[in-house]
Amino acid sequence: MFPRIWALLCLVGAAAQAVDASRGIQPDEYRLRRGKVREILAKDKGILVLYGASEDERGDLRSRFFQEANFYYLTGWTEPGARLLLTATDEYLFLPPRNETKERYTGRKVAPSDANATSFTGFTDVLPNGRFEVTFFQKLETTEKLYALISVNRQSPLRRLVGQRPIENAAPLIFPLRQVKSPAELALIQRSIDVSIDAHRAAWNRATPGLFEYQVSATMTNVYFEAGCERSSYPPIVGSGPNSTILHYNRNDRRMDAGEVLLMDVAGECSMYAADITRTIPVNGKFSDREREIYNIVLGAQRAAIAAVKPGMRLAKEGENSLFQIAVEYMNQHGKSLKGEPIGKYFTHGLGHHVGLEVHDPGLPATPLVPGNVITIEPGLYIPEEGIGVRIEDMVLVTEDGSKVLTAALPADPEAIEQALHARKR
Ligand code: GLY
Ligand code: MN
Ligand code: MN
């Protein structure tokens, strides 16, 4: 009995620690990504160094350890303190040595000396961090370009190692890859979306005059934590009445009342991939005439922008092929402020952004969209003097000839929302 249980436990441990096959992305896909980076390194005789997140760098007891997104993208490795060295021909993963004191707190980690470190990591060359410097300097001798993510603070150890030698920004090598989602990534994103949609539906079922915003937030986060998601993609934004006009409001401590809207920008991150969804509903189940007017302007602007999404279009506020301009022009043609001005002046943020391993994934608004991009389209109107804020945020996949709304299962039509609120179970 005992040995069989022990064998089973070992198997479970192996599955949990192995590079992310358990999360739906196979080791081969991570290898393919590294291969694409190495092709560029081969062209310009470069090497690339990335530092993974370390266990204690934040000194923050509130949040658990999370791998740095770029490191994760290229390795699938979720344990702390690792380093990656890529050359045109080689891939090295460096791991910290066993630390039994730390392991007493946070559990057993894979060590470079473990017999199965190679199969766990998907790397042929797994070396101890103690070998990093000597390997790095050896590769550096025949290197023309040294790439690292210089914008990330944790790269400073490399700066200390190389002194005045220039460090090239690795972002242009990695970000374009991250912006085009693979089928396996799309499946993970869709799961994050699906459980986040369940969270919104649970909120619609619960929201009612007299409830506090944090109660709606708790209902929503509970849905995706219950489904096994690791964290919220961002702090839940649950704003009623005047709070609906504050873009990233997250105190969530106000009591909501009849005659107000409730803006919920809430979504979960599951298997490392973020969702990002906003809906705005009437607290008492029915939009007032002015709320409906404003809501329909935002919805019309969103639909106009989504209808225009295709390769070559851009999220940028200005210039050619601007989706933002399509949204704001729709607003200005369809509504006025109380003073009679075009209502678009109350649309006070960007139209959208890329989403993936991070809720704000890399991607400049000016860059033309390409197939495989996953973006949000999230117009909003925020009118403090009327106490009305409306944002509608959906996630959209750019396809070869247009787009697919990944969040379409959650209605945005005001009548459909009212119907759902009317039918809610109490
Ligand atoms: N939830 C943050 C955003 O919509 O960008
Ligand atoms: Mn967003
Ligand atoms: Mn959002």
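What you see below is based on every heavy atom in this structure, not just the backbone, and it leaves out hydrogens, waters and symmetry mates. All ligand and atom numbering here is 1-based and tracks the order in the structure.
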* Is there a donor-acceptor pair closer than 3.5 Å between any side-chain N or O of Ser244 and the backbone N or O of Ser240? -> no

* Within the 6.0 Å centroid threshold, strictly below: Phe347 and Phe324 -> yes

* **Phe71 ring center within less than 6.0 Å of Tyr51 ring center** => no

* Asked: Tell me, which protein residue and heavy-atom name are nearest atom 5 (O) of ligand 1, and how many Å apart are they?
  -> His360 NE2, 2.7 Å

* Under-4.0 Å salt bridge between Glu39 and Lys43 -> no

* Would a line drawn from the ring center of Tyr346 to the ring center of Tyr382 be shorter than 6.0 Å? -> no

* Is ligand 1 less than 4.0 angstrom away from at least one heavy atom of His349? -> no

* To do: Looking only at N, O or S atoms, find the one in His353 nearest to the Mn ion (ligand 2) and name it.
  => NE2

* ligand 1 and Glu393, any nitrogen or oxygen pair closer than 3.5 angstrom? -> yes

* Asked: Got the closest protein heavy atom to atom 1 (N) of ligand 1, with its distance?
  -> Asp265 OD2, 3.0 Å

* Asked: side chain to side chain contact (heavy atoms under 4.5 Å, CB included) between Leu338 and Arg290: does it pass, once the steps are laid out?
  -> CA-CA 10 Å; Leu338 291 180; Arg290 179 63 171 162; 4.2 Å; yes

* To do: Can you sort out which atoms of ligand 1 are near His248, meaning under 4.0 Å from one of its heavy atoms?
  => 2 (C)

* Could you tell me whether the Mn ion (ligand 3) has an N, O or S atom of Glu378 under 2.8 Å away? => no

* Given OD1 of Asp265 on one side and OE1 of Glu393 on the other, what angle do they make at the Mn ion (ligand 3), to 10°? -> 100°

* To do: Run the salt-bridge test on Glu55 and Lys109 with the 4.0 Å N-O cut-off and return the result as yes or no.
  => yes

* Hey, which N, O or S atom on Asp276 ends up closest to the Mn ion (ligand 2)? -> OD2

* Asked: Out of Leu50, Asp44, Val37, which one pairs with Tyr147 under the side-chain contact (heavy atoms from CB on, under 4.5 Å) rule?
  -> Asp44

* Arg391 touching ligand 1 at heavy-atom level, < 4.0 angstrom -> no

* **Location of contacts on Asp276 toward ligand 1, heavy atoms closer than 4.0 Å** => side chain

